[in-house]
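One structure is given here, and the rest of the page talks about it.
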Amino acid sequence: MYSITVPVVIKTGLIHQQEMTLYYPRLYSLQNGYVQHIINQEIFNVINNLVKLQYQEQNTTNFAEMLGTFELKTNERNIVSIAFSNYAIFPYAAHGLTLMKSLTVDTLTGASYQLNNLFKKNSNYVEVLSKKIAEQIAERNITTLEPFISIRPDQDFYIADKSLVIYFQQYELAAYVYGLPMFPISVFELEGIITEEGPLGRMATNS
């Protein structure tokens, strides 16, 4: 069983180089210093990968502006879930591109979670989540670029307010005007397939 602890202390760091400004979180106060180091290194990896991805996606070596920010989505029950965004625009472009990645970690072990780690083995989580997202697409009248069939098994996500939030990159699901489409799904709708000791299982209990 996990032990409920106070929220982790998180401070904001800053990297500023010419046109690039990146705000990032740093975790403090963890009981295990090695775990703290591992998680903070993972954070740097996400930030650096977003920067590299911007250059690849926009096929340029020169940006007029790059701004990286983050939002702390969950900080409880030994789980931290953070969403990172990176906006960049090159000179004379009509509009920039926002990329988003997230990191969900166990602050006791340092383990980071992919989507499949949240669910029981051999569960049909892809089908279950895809059905719920399809329902939201219809309810919210989102016009997709292609008919929506299914999420990827490793689809991007974060955890917030006792919900699993599945999200898509710009242009991955819908046109630019929709931004990054996000689909919150209550953990209580997924209780039959989530792992009890995983992040979603912890959010679903009141103990």
Side-chain angles (χ1 to χ4, degrees), residues 7-29 36-75 79-105 107 110 112-115 133 136-137 140-146 148 151-152 154-161 163-185:
V8 174
V9 175
I10 297 180
K11 299 180 180 180
T12 300
L14 172 64
I15 299 173
H16 182 68
Q17 300 175 358
Q18 297 178 335
E19 289 78 21
M20 180 174 68
T21 302
L22 305 175
Y23 294 95
Y24 64 93
R26 295 283 290 172
L27 273 61
Y28 294 85
S29 79
Q36 180 173 294
H37 170 76
I38 290 297
I39 295 174
N40 283 330
Q41 187 59 53
E42 280 287 312
I43 288 171
F44 271 112
N45 291 342
V46 173
I47 294 169
N48 290 333
N49 287 338
L50 279 172
V51 171
K52 293 177 182 177
L53 192 57
Q54 281 285 13
Y55 286 103
Q56 294 173 8
E57 290 290 325
Q58 301 203 51
N59 192 28
T60 183
T61 59
N62 180 32
F63 284 109
E65 178 189 10
M66 178 182 288
L67 177 63
T69 60
F70 72 92
E71 293 183 7
L72 180 61
K73 299 298 186 178
T74 293
N75 185 7
I79 294 295
V80 165
S81 190
I82 307 170
F84 303 84
S85 65
N86 184 296
Y87 169 85
I89 183 170
F90 58 84
Y92 312 113
H95 55 72
L97 177 67
T98 298
L99 299 174
M100 183 173 174
K101 289 295 179 182
S102 42
L103 182 65
T104 298
V105 295
T107 58
S112 59
Y113 295 90
Q114 301 298 316
L115 188 60
I133 290 171
Q136 290 193 38
I137 289 173
R140 292 158 57 182
N141 295 315
I142 297 175
T143 301
T144 57
L145 296 174
E146 300 288 343
F148 175 73
I151 64 169
R152 304 188 317 273
D154 62 345
Q155 191 71 43
D156 294 314
F157 76 94
Y158 59 81
I159 297 171
D161 301 326
S163 292
L164 171 67
V165 181
I166 299 292
Y167 65 91
F168 297 80
Q169 302 297 327
Q170 285 185 335
Y171 303 115
E172 183 181 2
L173 178 72
Y176 182 86
V177 66
Y178 288 99
L180 289 84
M182 300 180 187
F183 301 90
I185 302 170

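- Side chain of Glu19 to backbone of Met66: no donor-acceptor contact under 3.5 angstrom is found.
- The shortest distance between side-chain heavy atoms of Leu173 and Phe183 falls below 4.5 Å.
- The shortest distance between side-chain heavy atoms of Gln169 and Glu57 does not fall below 4.5 Å.
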Pairs of donor and acceptor atoms involving the side chains of residues 20-29, under 3.5 Å and at least two apart or interchain, shall be tabulated with distances.
from  : atom 1 : to    : atom 2 : distance (Å)
Thr21 : OG1    : His16 : ND1    : 2.8
Ser29 : OG     : Val9  : N      : 3.3

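- Within the 4.5 Å cutoff, the side chain of Gln155 has heavy atoms near those of the Glu172 side chain.
- Between Phe70 and Phe84, the ring planes lie tilted relative to each other; the angle falls in the 30° to 60° range.
- The shortest heavy-atom contact between Pro91 and Ala64 is CD-N, 3.7 Å.
- A donor-acceptor distance shorter than 3.5 angstrom exists from the side chain of Asn75 to the backbone of Val8, with no hydrogens or angles considered.
- The number of heavy-atom neighbours closer than 6.0 Å to CG of Asn59, taken from other residues, nucleotides and ligands shown, is 12 or below.
- Minimum heavy-atom separation, Tyr87 to Gly96: OH-N, 3.5 Å.
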Apply side-chain contact (heavy atoms from CB on, under 4.5 Å) to residues Tyr178 and Thr144 and explain how you reach the verdict. CA-CA 9 Å; Tyr178 288 99; Thr144 57; over 6 Å; no
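- In this structure, Phe90 has no ring-ring contact (aromatic ring centres under 6.0 Å, His included) partners at least two apart in sequence or on a different chain.
- Listed by first and then second residue, the side-chain hydrogen bond (donor to acceptor under 3.5 Å, both in side chains) pairs involving residues 60-70 are Thr69-Ser85 (not counting sequence neighbours).
- For the atom pair OH (Tyr176) and NE2 (His95), the distance works out to 5.0 Å, reported to the nearest 0.5 Å.
- Looking at Lys73 and Thr104, their side chains never come closer than 4.5 Å, going by heavy atoms from C-beta outward.
- Taking CZ of Phe168 as the start and CG of Asp156 as the end, the distance is 9.0 Å to the nearest 0.5 Å.
- A donor-acceptor pair under 3.5 Å links the side-chain atoms of Gln170 to the main chain of Thr98, judged by distance alone.
- Partners of Thr74 under the side-chain contact (heavy atoms from CB on, under 4.5 Å) rule, at least two apart in sequence or in another chain, are Glu76, Ile79, Ser81, Ile159, Met203.
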Report all side-chain donor-acceptor pairs from residues 42-55 shorter than 3.5 Å, counting only partners two or more places apart or in another chain.
from  : atom 1 : to    : atom 2 : distance (Å)
Asn45 : OD1    : Gln41 : NE2    : 3.4
Asn45 : ND2    : Gln41 : O      : 3.4
Asn48 : ND2    : Phe44 : O      : 3.2
Asn49 : ND2    : Asn45 : O      : 3.1
Gln54 : OE1    : Gln58 : NE2    : 2.9
Gln54 : NE2    : Asn86 : O      : 2.8
Gln54 : NE2    : Asn86 : OD1    : 3.1
Gln54 : NE2    : Leu97 : O      : 3.0

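- Taking all atoms of both residues into account, the shortest heavy-atom contact from Ser112 to Leu103 is CB-CD1, 4.1 Å.
- With sequence neighbours left out, the ring-ring contact (aromatic ring centres under 6.0 Å, His included) criterion links Phe157 to no other residue.
- For the pair Ile166 and Leu115, the minimum side-chain heavy-atom distance is below 4.5 Å.
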